[in-house]
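Below is one structure, written out as structure tokens; the observations come after it.
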Amino acid sequence: MATLTIILTDGPYISECAEMAVKIAKAALVHHRVNIFLYLDAVHIPKGGQNPVHFVNIGRLFEELASNGATIRACPRCAAARGYQAAEGVCQEYLPGIRITSLYDLAEMLKESDKVIALSR
Amino acid sequence: MATLTIILTDGPYISECAEMAVKIAKAALVHHRVNIFLYLDAVHIPKGGQNPVHFVNIGRLFEELASNGATIRACPRCAAARGYQAAEGVCQEYLPGIRITSLYDLAEMLKESDKVIALSR
Amino acid sequence: MEHNRQLHSDAKGSRVDIFLLTKSPFSERARFCMRLISRSENAVLYLAGDGVYMLLEEALENLPLNRIVACQEDLEARGVQAKDKTVVPVDFYERLVEDAMNEESKLYAF
Amino acid sequence: MEHNRQLHSDAKGSRVDIFLLTKSPFSERARFCMRLISRSENAVLYLAGDGVYMLLEEALENLPLNRIVACQEDLEARGVQAKDKTVVPVDFYERLVEDAMNEESKLYAF
Amino acid sequence: MRSVFYMLDAAPYGSEKAYGLLNAAAVSIKMNVIVGLYADGVYLALAGQDSRALGVPNLSDIIYAYPEMRVIAHEPSLAKRGLFSQSLIERVELVDDEKFIEEAVASDSVIAL
Amino acid sequence: MRSVFYMLDAAPYGSEKAYGLLNAAAVSIKMNVIVGLYADGVYLALAGQDSRALGVPNLSDIIYAYPEMRVIAHEPSLAKRGLFSQSLIERVELVDDEKFIEEAVASDSVIAL
């Protein structure tokens, strides 16, 4: 069992990145540990209430990933700037399982990782 | 008095576009009508609760523009996908003065405009 | 008022093309913008954001431009020096809007 | 298991470089990715998203690649035909992960 | 404003830009609308797009759904990307660099999203 | 992972990418960190940045605040953008194409944001 860290910087729907990340993470979770760090615009991904008409619901996919064991963390500076406040890591506007923690978590994730994938448009 | 329409597609903080739009709109409002259409990721701009540490609060700037007479509308498809629901154009999560209406408003804005500026990264 | 006169005195024909460029020089948008300028008979270029990096390009000098106006805070942030002929006004956005909204002008933004 | 064997049989040295490219061919990222591939002794290229447009580039044939694997749904959406030597598996992401997470491989994503 | 030139310079599907631009063009058809495919935007001209498995709207279908929308593609961009040897959507009109620029300049506004 | 090569290919200030990348590099300094300036990223090497009037953090200050962070710039990218005739930040080490690629390959991971 190895560890994969995925770094995202795009929000949902604006690019294919979030969806690709889900496909990669799903495949990786079968045999490996998966970390996902949501950075810059990617902090919008776990927002609740997403209701896309012609696209798959990206938020739900990340919620599922978290419940399937992926560790998903968001950058607090990026999140606060964009209007997501957290108390002890928990943001009321976020879907369950995804926490707003610290940018240092990114460094920790990288240190413990065997492989890294950053996706952005 | 002429009419300027500004079209935005980036969210706040990720690029300079939103802030430039504010500077242009402020200058234009002195003598002209200003429309702003928030499209794609730009529907994140009016989200309440923004708390940037090292940057100016973009949401507040747009709230000010609206109260100074700019007509600011957001795309309903883009907004719904990203988790912003509106009842009769009003979204509880949005700052006052900015409404989620219809993509046809973009066409109407363009038709009645003398000049258009689209800003994106 | 004085500024308006300046705009009109620029004009060889009746129309002035106002270009607002906020993209860096090697982006597709900047290149397209340069192409449009190269065939304009009466062009004024406003540089803001990453558009101010255009001032590092020698190609800029060969374009038929009546005036280049650059945004001071964007220049300063990036450490870009304005060239001799570049106008760096304190009221960049006011001037941009005045030129852009003029009836005689056509506005392009990239 | 069989697939793992395939990865190892690719290997001239011990290490395999796995490249995941999701950017279109003329992006700076794609070009950088091609540069890295050109100096790799043992490269496998996974194309997803706009990366599948690479299959329209003749330059791809001159790169030292052991294998090119393309994502079927991304090809179909874009109307891009896979070339003869391109592998288009039904389980693109499973294969990508298997190759990428292999101890003997180094992963690059652009 | 009576005419709009929407310039698409991003590849379809990888980002929402193409979809967004086509939707904006579609609601604008009471004006004269040109969609100008430029740089990576010309990938939209590829025939045979089938986005069902990807689970997103088919962008070439949007072009066919709005015949009022004139769609032109910049030949040098197509050539650079090897698209002349590919089947292209019939609805897309190929124009040279000069003509592409002319169409942009002839419109009341140019909008690049 | 003991070393990370953060590749910046976007211009500073126009987007949040440079700021985000430098912050990510700053928290990663317990590993070996290289920031590689490439393509438009090399504009970050310009000396004399003063972002006070723009009202955003000074990105060259971040480079000076973390001496553990090695910053290299891709010479062909600098040359193409006319930066060799400009004053550059002393902290930035200029390297040729071969050396730039070597540094990327020598790191345990390459991260382009």
Quick check: are there more than 12 heavy atoms from other residues, nucleotides or ligands sitting under 6.0 Å from [atom1] of [X]?
X	atom1	result
E:Tyr66	OH	no
E:Lys30	NZ	no
C:Gln81	CD	no

CA sep, side-chain torsions, deciding dist, call: E:Glu98, C:Arg35, side chain to side chain contact (heavy atoms under 4.5 Å, CB included): CA-CA 10 Å; E:Glu98 193 55 38; C:Arg35 280 284 287 123; 4.0 Å; yes
**Message:** side chain to side chain contact (heavy atoms under 4.5 Å, CB included) for C:Phe32 and E:Asp9? Distances and angles first, verdict last.
**Reply:** CA-CA 10 Å; C:Phe32 189 72; E:Asp9 58 5; over 6 Å; no
Legend entry - Heavy-atom donor-acceptor pair, C:Lys106 side chain to E:Ser109 backbone, under 3.5 Å: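 The answer is no, because no donor-acceptor pair under 3.5 Å joins these two groups.
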Discussion item. For E:Val105 and C:Arg39: C-alpha separation, side-chain torsions, deciding distance, then whether side chain to side chain contact (heavy atoms under 4.5 Å, CB included) applies.
Written reply: CA-CA 10 Å; E:Val105 171; C:Arg39 70 189 299 293; 3.8 Å; yes
Starting at OH of C:Tyr108, measure out to CD1 of E:Ile111 and round the result to the nearest 0.5 Å.
->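 If I round to the nearest 0.5 Å, the distance is 12.5 Å.
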Under 4.5 Å heavy-atom distance to chain C, tell me which part of E:Asp40 shows up: side chain, backbone, both or neither.
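No part of it gets close to chain C.
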